[in-house]
A.B. asks: 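Below is the structure I would like to discuss, written out as structure tokens.
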Amino acid sequence: MIVDSVIMVDWSGGHDRGATPKRDAIWTCIARAGTAEAPVYHRNRQVAETYLRDTLAAELAAGRRTLAAFDLCFAYPTGFAERLTGTDDPLVLWDWFADRVEDSPAANNRFALAGQINAMFPGTGPFWGNGRPHHDVDHLPRKGRDRAGYGLPEHRATDRAAPGAFSPWQLSGAGAVGGQVIMGFPTLSRLRRHFGPALSVWPFQPPDTPLVLAESYFSLLPTTLLTDHPIRDAAQVALYARAFSALTPSEWDRVLDQDPTPEGWVLGLGHADLLARAARPALTPPPLRNDCFAMPQGAHWTPVDEALAHLRAHLAPITGTETIPLMQAAGRILSVPVTAARSHPPHDNAAVDGYAFAGPLPAGPHTLPLHPGRAAAGQPFSGTVPPGHALRILTGANIPAGTDTVVLQEDTTSSPTHIALHGPLKQRANARRAGEDMGAGDVVLPVRRRLTPADLATLAACGTATVTVHRPLRVGVLSTGNELRAPGQPATHGQIFDANRAMLLSDIAYWGHTPVDLGIAPDDRQTLQNILDDAATRCDAILTSGGASAGDEDHMSALLQGTGSLALWRIAMKPGRPLALGLWQGRPVFGLPGNPVAAQVCALVFAHPALAVLAGGDWPVPQGFDVPAAFTKSKKAGRREYLRARIANGAAEVFGSEGSGRVSGLSWASGLVALPDEAAEIGPGTPVTYLPFGSFGL
Ligand code: AMP
Ligand code: MG
């Protein structure tokens with residue numbers, strides 16, 4: 001059988017858990033083809049039931065067969081249902097409970113109801129456990145050992161086969177599941193009634209419907225497979241959703257091949273081997289190929305655009321993924337698209353303060369009687385406004401039943417009983433429509449998106465509590481050269497201060513990666529090799545500067561040569577010497593030139609987009625714009641030139657020297673002017689392309 005979507009549900013028997021995601025609340029996660037979306041937090045059963053009904057409806061509408069599995073017993077041990085309903089059909093028992101359970105976010109009657117049920121059996125039991133220390137509940141013993149003579153088994157057959165399963169009779173104490181079973185049946189019953197013949201319940205009914213409900217149990221897989229989501233329940237639903245959704249159709253046939261015992265059966269029980277295989281995380285992408293930097297030979301100098309196209313075509317994400325709270329996700333890169341958990345706005349609501357009525361109103365003066373009450377944001381009006389009446393309404397309030405249009409307060413005069421206004425007013429004026437911004441189930445943000453502050457607002461608005469993102473890319477920075485000293489260290493003449501490391505580490509932080517300081521390496525092959533070996537254990541990628549050419553002391557290129565992965569790119573650009581690219585123990589290494597200006601320009605032009613892709617993001621293309629030149633230059637053909645530049649009076653002026661060692665010119669500049677590969681005669685007023693440093697992610 002083909003199952004397109006799997007929804008895992010971690011149910012709860014307790015009260016409302018508040019707005020902040022917490023453990024022991026209700027968590028759900030939907031997965032398709034082995035990829036789970038971010039787990040969704042539900043503060044109480046009411047919102048969870050709405051979400052489940054909407055999500056199942058959306059999957060049904062999209063033509064995806066969907067299995068939703070709940071971690072609650074779908075039936076009680078043999079004999080129980082028969083006593084209450086006269087039949088052993090668990091689905092009849094669901095309806096029986098739906099008629100008797102009282103449930104609201106603040107309170108429910110699960111203990112009292114359990115006591116009433118106990119009274120229907122001989123002896124004392126079967127339910128036991130009382131969550132309230134100072135209130136006895138009639139017929140409900142506090143201890144399991146105080147029960148006797150009720151004549152029912154403690155466990156179902158499937159619970160006896162599932163290691164560590166609790167008895168559904170136990171209503172309180174650590175690990176107890178009895179409460180959530182009682183508080184789950186009404187929701188299951190309503191979902192069945194809502195979807196009618198489109199929905200079946202496994203294993204009681206054949207699962208050949210578009211929607212299937214089943215019972216799950218979150219102890220089938222080793223806990224080592226859980227990702228490090230800060231909330232275990234969230235990690236659990238994500239793992240089980242991902243694992244089940246990765247099953248092949250024939251594996252589903254095996255898992256679902258179960259006789260329809262009225263005691264029910266845990267989905268996947270007895271198939272731990274299949275599940276464990278399916279759950280094996282595809283956490284770390286395959287390594288880069290050893291020849292990923294190899295440039296096609298032939299061209300003497302490689303044009304910049306060709307070099308960029310090559311990198312773009314051969315690089316891929318190298319970091320695994322994790323699911324984290326939205327609040328911590330600024331700057332992180334989505335590895336799974338985010339779909340809206342609910343519409344935004346969720347309901348039609350008022351865009352202004354004023355009065356709501358049924359529109360439209362024709363031209364001319366009108367007087368409308370005021371209906372008592374008011375609608376405010378967070379305090380919806382529960383009644384229906386009679387035709388021809390108006391109701392006081394405030395911005396953000398749900399549009400009350402019987403109305404669809406709002407008149408701005410300033411456009412009315414009012415008495416305690418009436419308002420007067422002038423038409424015409426179009427129907428739905430000043431009303432925001434439910435879902436006009438985002439619809440439930442819409443893809444709101446795509447994969448490879450680096451989350452901006454605004455993205456966090458967008459995702460929060462449609463109910464996203466957690467996101468699945470790439471782990472941060474750890475990028476090491478190493479300076480090489482015998483002449484280098486760290487600023488603050490004593491330096492003899494002949495020695496210079498290491499300018500590149502501070503700059504490149506800071507670039508990496510600006511780009512949203514995790515900088516790793518690898519210090520300074522002397523021009524000594526063995527030492528350099530040891531440093532790279534160590535770096536490969538704690539970095540995902542490495543930037544080095546200096547020693548990248550083919551001279552005697554250019555050990556960086558010599559070492560990469562030894563790995564068989566070196567590519568010395570002779571790029572037709574100024575500034576820039578050869579760019580040494582290679583893999584050190586599988587880690588991409590970007591050997592940048594030593595001169596600070598060349599190091600930075602090569603970092604901005606090549607390392608910035610390359611690292612973005614390695615981190616899981618989109619390939620960024622710097623957005624420049626044409627401005628008139630404020631300088632004169634005769635440019636030769638055959639190479640791209642990047643000049644340190646800044647804008648003054650609407651024109652681009654360039655730094656006085658093109659010397660690649662003149663690091664202060666980088667501080668003087670606010671961007672680069674890129675001159676095309678062809679020859680060019682530039683004078684004051686000639687349009688040139690200016691790329692602000694911001695367009696390189698700084
Ligand atoms: P190299 O590529 O190693 O031949 O270095 C080219 C030039 O850049 C030499 O003048 C080096 O002294 C200088 N240089 C190399 N690395 C750095 C650094 N980290 N900071 C400042 N200058 C450097
Ligand atoms: Mg050097």
Side-chain angles (χ1 to χ4, degrees), residues 293 301-302 307 475-510 515-532 535 539 541-562 566-582 584 589-608 611 639 641-642 644 655 657-669 698:
F293 294 126
W301 290 93
T302 308
V475 185
V477 172
L478 178 67
S479 293
T480 72
N482 283 336
E483 74 279 27
L484 300 179
R485 289 291 174 275
Q489 284 184 337
T492 60
H493 71 274
Q495 295 179 327
I496 61 168
F497 292 117
D498 174 9
N500 292 347
R501 196 155 42 104
M503 173 174 68
L504 296 170
L505 285 167
S506 162
D507 284 343
I508 286 159
Y510 266 92
V516 181
D517 186 354
L518 300 175
I520 298 173
D523 290 318
D524 170 75
R525 206 160 295 185
Q526 186 57 51
T527 312
L528 189 55
Q529 179 165 343
N530 294 343
I531 291 173
L532 290 176
C539 303
I542 301 164
L543 299 189
T544 69
S545 66
S549 307
D552 298 347
E553 297 294 347
D554 289 323
H555 301 288
M556 206 47 233
S557 43
L559 277 174
L560 287 174
Q561 185 92 56
L566 173 77
L568 265 188
W569 286 13
R570 306 201 333 139
I571 297 172
M573 81 182 243
K574 183 187 173 194
R577 295 249 293 282
L579 201 56
L581 300 171
W584 189 265
V589 180
F590 296 80
L592 303 170
N595 270 312
V597 177
Q600 180 68 336
V601 171
C602 286
L604 299 185
V605 173
F606 296 107
H608 172 234
L611 293 175
R639 68 181 184 200
E641 290 194 20
Y642 292 97
R644 283 151 281 178
F655 191 56
S657 158
E658 291 183 17
S660 190
R662 298 278 291 268
V663 64
S664 73
L666 282 174
S667 295
W668 174 92
L698 299 186

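Start at 1 and go down the list; that is how both ligands and their atoms are numbered. What you see is a predicted model, and the numbers here were worked out from it, not measured in a lab.
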A.B. asks: Hey, does Ile496 come in under 3.5 Å of ligand 1, counting only N/O atoms on both sides?
C.D. replies: no

A.B. asks: With a cut-off of 4.0 Å, which atoms of ligand 1 are near a heavy atom of Asp498?
C.D. replies: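 Those of ligand 1 that fall under 4.0 Å from Asp498 are 18 (C), 19 (N), 20 (N).
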
A.B. asks: So Arg639 and Trp301, do their side chains get closer than 4.5 Å, heavy atoms only?
C.D. replies: no

A.B. asks: So do Ile520 and Thr480 actually touch side chain to side chain, heavy atoms under 4.5 Å?
C.D. replies: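 Of all side-chain heavy-atom pairs linking Ile520 with Thr480, none is under 4.5 Å.
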
A.B. asks: So do the side chains of Phe606 and Leu581 get within less than 4.5 Å of each other, counting heavy atoms only?
C.D. replies: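 Phe606 vs Leu581: side chains apart.
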
A.B. asks: Taking the side chain as everything from C-beta on, heavy atoms only, tell me whether Leu504 gets closer than 4.5 Å to Gln600.
C.D. replies: yes

A.B. asks: List ligand 1 atoms under 4.0 Å from Ser479, heavy atoms only on the residue side.
C.D. replies: 19 (N)

A.B. asks: Pro596 versus ligand 1: do any nitrogen or oxygen atoms come within less than 3.5 Å of each other?
C.D. replies: no

A.B. asks: Any non-hydrogen atom of Gly481 lying under 4.0 Å from ligand 1?
C.D. replies: no

A.B. asks: Is any N or O atom of Arg501, backbone or side chain, closer than 3.5 Å to an N or O atom of ligand 1?
C.D. replies: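 The answer is no, given that Arg501 and ligand 1 share no N or O pair closer than 3.5 Å.
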
A.B. asks: Can you tell if the side chain of Thr544 reaches within under 4.5 Å of the side chain of Leu518, non-hydrogen atoms only?
C.D. replies: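 Thr544 does not reach Leu518 side chain to side chain.
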
A.B. asks: How long is the gap from CG on Leu543 to OG on Ser479, to the nearest 0.5 Å?
C.D. replies: 10.0 Å

A.B. asks: Report yes if the side chains of Met503 and Val663 come closer than 4.5 Å at any heavy-atom pair, otherwise no.
C.D. replies: no

A.B. asks: Counting only nitrogen or oxygen atoms and a 3.5 angstrom limit, does Asn595 reach ligand 1?
C.D. replies: yes

A.B. asks: Which atoms from ligand 1 have a heavy atom of Phe497 less than 4.0 Å away?
C.D. replies: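 Result: 20 (N), 21 (C).
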
A.B. asks: Does Ala499, backbone or side chain, put an N or O under 3.5 Å from an N or O of ligand 1?
C.D. replies: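 There is such a contact, yes.
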
A.B. asks: Quick one: which ligand 1 atoms are inside 4.0 Å of a heavy atom on Gly547?
C.D. replies: 1 (P), 2 (O), 3 (O)

